[in-house]
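Treat the numbers as computed from the prediction; the structure is a model and nothing was measured.
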Amino acid sequence: MTIQGLDVSEFQGEVDWAQVKKAGFQFAMLRAGYGYRTPDQQFGRNATECSRVGIPAGAYWFCYALGPEDAIQEADGCVEVISSYRMEYPICYDIEQASVDYAAQNGVTITPELATQIVTAFCNRIEERGYFAMYYSNQNFLNTYLPWMLARRYALWYAHYEQRYDGIDCGIWQYTNQGSVPGISGNVDLDTSFTDYASIIRQAGLNHLERTPVPPTQNYITYVIQPGDTLSEIAVRYGTTYQALAALNNILDPNLIVAGQTIRIPENNGSSARYYTIRPGDTLSEIAERYGTTVSALMTLNGISNPNLIYAGTTIRIS
């Protein structure tokens, strides 16, 4: 059995899922977010649209964990994001070289033993929360950091860009990152599933499919707290109140926020503010030039103290 699917994130922009369905795709894996409770800006729309047009969807969360405890927190953050939506495919942990590089930047060396502990902690937590767990990685990372026997315990989503499947024991094979799909601009990752996960999950009573999803009505952006930030200054910058930010992010003491912490900020749909999600390779000067502003203006608007320290996936305000 082979089932044709694809995976997307906010980098694909707004997807026309009706066209995707018409083109014959049978499942989708949607990025729900990454790191410490940082949701993908398109996940809610993607999940809602997949349900509407009848494409079974699962979710994946990108790993920035430095240890098993972080992985458990990332799993809980993932569940917080996906719980309002219908997930008929696995909930997957995406661990790659970028995860290792991030850890190194924070003084942690990822060994094969630690990588295995991180994946196991995330997947176990996902299972504890009532979902079908899976992990994702590419051939090189798996050969270097993770034992192949791990795929006997958790389902494996395997990235290997070849025209012919190499026979590795996996549930889903991501065979290209340069696919073309009607309804989506630019390149798209394409996948083949060798397992009917929708049927397995339904029959096992997993993923809380018996619940009627109630998608949240509030849209959010994310912000990484910078050194010297205060919650009240951030609130003024984004047209909200520090009380609202504290309640939204479960901050018990508004005076205790930590640089590097990611918080959610309500998106003010009635304002003329513009936002941009930083992509790998971006520089603040290039973003400023692209949007007709200056580096200093972006730094002031977003509380950025060092223009050379910006992180892919962070949403910043442009104007």
Side-chain angles (χ1 to χ4, degrees), residues 1-9 11-12 25-35 40 58-68 71 74-75 78 89-105 108-124 126 132-181 186-197 279-281 312-313:
M1 170 187 292
T2 58
I3 305 171
Q4 296 307 306
L6 73 168
D7 57 277
V8 301
S9 70
F11 298 124
Q12 275 69 51
F25 288 91
Q26 299 164 282
F27 76 94
M29 296 295 289
L30 315 173
R31 190 178 78 157
Y34 58 90
D40 186 288
Y60 69 95
W61 194 268
F62 194 88
C63 170
Y64 282 123
L66 305 182
E74 291 189 340
C78 177
Y89 259 64
I91 309 306
C92 185
Y93 202 28
D94 182 347
I95 184 167
E96 305 178 35
Q97 186 60 43
S99 309
V100 174
D101 294 342
Y102 176 81
Q105 292 168 8
V108 175
T109 299
I110 300 294
T111 63
E113 180 181 11
L114 182 54
T116 303
Q117 291 173 353
I118 287 171
V119 171
T120 300
F122 182 94
C123 290
N124 283 350
I126 289 297
F132 188 105
M134 170 178 268
Y135 67 105
Y136 164 100
S137 202
N138 56 59
Q139 184 185 48
N140 181 65
F141 191 94
L142 293 169
N143 286 335
T144 305
Y145 292 101
L146 295 175
W148 286 101
M149 63 182 294
L150 195 62
R152 298 177 185 174
R153 174 62 181 88
Y154 309 105
L156 170 62
W157 179 10
Y158 173 57
H160 186 50
Y161 301 151
E162 297 288 345
Q163 292 185 341
R164 182 172 297 181
Y165 176 51
D166 64 5
I168 291 297
D169 184 15
C170 67
I172 298 177
W173 169 39
Q174 184 186 80
Y175 58 88
T176 183
N177 62 352
Q178 296 183 332
S180 178
V181 176
N187 293 332
V188 186
D189 298 339
L190 300 181
D191 306 274
T192 295
S193 178
F194 303 112
T195 302
D196 185 359
Y197 284 112
R279 300 190 176 196

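For F122 and W61, the ring centers are positioned 6.0 Å apart or more. Aromatic pair Y60/Y93: centroids not less than 6.0 angstrom apart. Note: Y34 and F62 fail the aromatic proximity criterion, with ring centroids not under 6.0 Å apart.
Y154 and Y135 have perpendicular rings, their planes meeting at more than 60° on a 0 to 90° scale where under 30° would count as parallel.
Here the CD atom belonging to E96 is positioned 10.0 Å from the CG atom belonging to L142, to the nearest 0.5 angstrom. Rounding to the nearest 0.5 Å places CG of D189 at 11.5 Å from CE of M29. Taking CD1 of I110 as the reference point, atom OG of S99 lies at 8.0 Å (rounded to 0.5 Å). To the nearest 0.5 Å, atom CG of residue L66 and atom OG1 of residue T109 are 11.0 Å apart. The NE2 atom of H160 lies 4.5 Å from the CG atom of D166; values are rounded to the nearest 0.5 Å. Atoms CD1 and OH, on I95 and Y145 in that order, are 9.5 Å from each other to the nearest 0.5 Å.
T2 approaches Q26 most closely through the heavy-atom pair O-OE1, 4.5 Å.
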Q: Tell me, with the steps shown, if N177 and V188 meet side chain to side chain contact (heavy atoms under 4.5 Å, CB included).
A: CA-CA 6 Å; N177 62 352; V188 186; over 6 Å; no
(Q) Please determine whether side chain to side chain contact (heavy atoms under 4.5 Å, CB included) holds for the pair D40 and L30, giving the CA-CA distance in whole Å, both sets of side-chain angles, and the decisive distance to 0.1 Å. (A) CA-CA 9 Å; D40 186 288; L30 315 173; over 6 Å; no
Q. Can Y175 and E162 be said to form a side chain to side chain contact (heavy atoms under 4.5 Å, CB included), step by step?
A. CA-CA 6 Å; Y175 58 88; E162 297 288 345; over 6 Å; no
Q.
Run the side chain to side chain contact (heavy atoms under 4.5 Å, CB included) test on Y89 and M134 for me, step by step, so that the C-alpha distance in whole Å, both residues' side-chain angles and the decisive distance to 0.1 Å come before the verdict.
A. CA-CA 10 Å; Y89 259 64; M134 170 178 268; over 6 Å; no
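Defined by atom type and a distance below 3.5 Å, a donor-acceptor pair is present between the side-chain atoms of D101 and Q97. Side-chain contact, W157 with D7: no donor N or O sits under 3.5 Å from an acceptor N or O.
Side chain of T195 to backbone of Y197: no donor-acceptor contact under 3.5 angstrom is found.
The shortest distance between side-chain heavy atoms of V119 and L150 falls below 4.5 Å. Side-chain contact check for C63 versus I118: some heavy-atom pair is nearer than 4.5 Å.
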